[in-house]
Amino acid sequence: MGPSIVIVDDHPAIVDGVRAWCARAEPEIRVLASGPRVEVALGEPDADAVVFDLQLEPGAPAFGDLTRLVDAGRRVVVYSQHADSDTALRCLELGAATYLTKAEGPEHLIPALRAAVQDRPYTPPVLGGAIAADPRPDRPALSEREREVLLAWFESDSKQLVAERFHLSVKTVDTYIGRVRIKYADAGRPATTKAALVARALQDGLIDLAGLG
Amino acid sequence: MLAVAVLMALTLDPTQVAGPAHVGYGVVGWIWVLLFAGARLRGFVALIAMHLLFVLGLLVASGRTDRITLVAFAITAVGVTSFQLAIALAGSALRTVARQAADAAASEARARTAEEVAHTLHADREARYAELRAVALPLLQGIGDGTLAPSDPEVQQAAARAAARLRRMFAEEGDAADALAAELAALIDIAERRGVVVRYSERGRRPVLPPDAAGALLASAEAALHAARAAARVTLAGVGGAVVVGVVTDGAARVPVLDVADVGTSTVEAGGATWVEARWAPRS
């Protein structure tokens, strides 16, 4: 049986769109519930992941609701119309599995959900750009190559092009992008979802304990 | 200080309070002159007055209100205090003058800066109008006298570019830091008019580029976008002091060779997509 999710979004058209993508996915992703409020997700503890619109009310982004979901141990894929870096990085810091802008939905939402339910990192290009250009002094330290690969991923939205440019295999490009995401999971506020990402990355050999230093 | 002065007065024989033996006036007063040198005149005057009143009170309390004592007191008081007051007044006046001079200098500097900004803005506008005259007028004349065909794609593109520039000029988006983003938006606008679906993303903090570097980045993006058939991805990023413009299209771009300081370009092709990157990375 395929994974199951809950959709928290107050735009019926978005909910319908995500439902349609999930129904077409192979294997199918089941949508257990959907609604405009975060309670709909908290009331479905069996769902494997939550698609969460960050802007449920006009005004400030719903960081509080995101924190509630993360503290309840839910894997959250933030799906937002906010395109700014600060919001994306803040969501990672709070413990979201990944962050997608609504413009990235069609290609990246289903793969992001699949990765999230397996506690594997998934970094869509715009999030990659936010990480590559992260100007905060306390950001996790990236190697020059990691930053270049992430910037290239942001620019091209194609792991094949990135691989071609740096004469790497697509798998190695994936490893670089995944490793950076784990560095971000290992920083800042602790959360079970972050710990699960790090643990899975260790199992998969994406990182080793020395790399976490 | 006042307490010390009071003690000095109290320890003296009442007969000496008004006389030369009471050096307290002078010494304490001069120290106050120094202490209040940077502050307001009011505090200093109040302390001097309190001190004098206290000594006067002391004289009255000990019954020495005869004319000679009072005159002696008055002479000492006026003699010593007037010098101190004069110095304090002079200091205060000097401070006022200095402050006014500083204010005047600051406002003059502000005025000069505003003038400079206005001058630069004006020059910038003049330059843009000149550029527009060079681009738009021949186009309009050509279409008017029939030498340029409005159905010619080249003419359409030139017209779209001039129109975008006009719109920007009327909107007066003069913010230098975002001039690059605005020019890029104009290029995207042109591509979209051809029916190309463009996705645009911007990341990071960007420094202001030298004009030739900005021109080189835009020329690279323009060439790449020009080759797009149906879809393009345009990104603008500021990373570690460098500014990077990336364009991925479904066409084969021919990127001009640029010889501009600190600007490098790269072109990568894979799976039917062409990715053109132009990067300004100042060596510092």
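This is a predicted model, so every value here is computed, not measured. The chains referred to below are lettered A, B, ... by the order of the sequence lines, with proteins before strands, and numbering in each begins at 1.
Looking at B:Thr267, neither its backbone nor its side chain comes within 4.5 Å of chain A, counting heavy atoms on both sides. Contact of A:Leu151 with chain B is made through the side chain alone, with heavy-atom distances under 4.5 Å. With a threshold of 4.5 angstrom between heavy atoms, B:Val244 approaches chain A through side-chain atoms but not through N, CA, C or O. Using a 4.5 Å cut-off between heavy atoms, A:Asp134 makes no contact with chain B at all. In this structure, the portions of A:Ala152 lying under 4.5 Å from any heavy atom of chain B include both its backbone and its side chain. Within the 4.5 angstrom heavy-atom criterion, only side-chain atoms of B:Val248, from C-beta onward, approach chain A.
Environment of CZ in A:Arg145: crowded, with over 12 heavy atoms of neighbouring residues, nucleotides or ligands closer than 6.0 Å. Residue B:His226 qualifies as open at atom NE2: its count of foreign heavy atoms under 6.0 Å is 12 or below. For A:Asp138, the CG atom sits in a packed shell: over 12 heavy atoms of surrounding residues, nucleotides or ligands are nearer than 6.0 Å.
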message = Apply salt bridge (charged side-chain N to carboxylate O under 4.0 Å, His left out) to residues A:Glu148 and B:Arg279 and explain how you reach the verdict.
response = CA-CA 12 Å; A:Glu148 280 295 330; B:Arg279 178 184 301 227; 3.0 Å; yes
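By number of non-hydrogen pairs under 4.5 angstrom with chain A, the leading residue of B:Gly204, B:Ala270, B:Ala273, B:Gly246 is B:Ala270.
Each of A:Glu155, A:Glu104, A:Glu107 was compared with B:Arg199 under the salt bridge (charged side-chain N to carboxylate O under 4.0 Å, His left out) criterion, and only A:Glu107 meets it.
When all heavy atoms of A:Gln160 and B:Gly271 are compared, the pair lying nearest together is NE2-N, 3.8 Å. In this structure, B:Val239 and A:Ala133 approach most closely via the heavy-atom pair CG2-CB, 4.0 Å.
The distance from the CZ atom of B:Arg233 to the CG atom of A:Leu161 is 11.0 Å, given to the nearest 0.5 Å.
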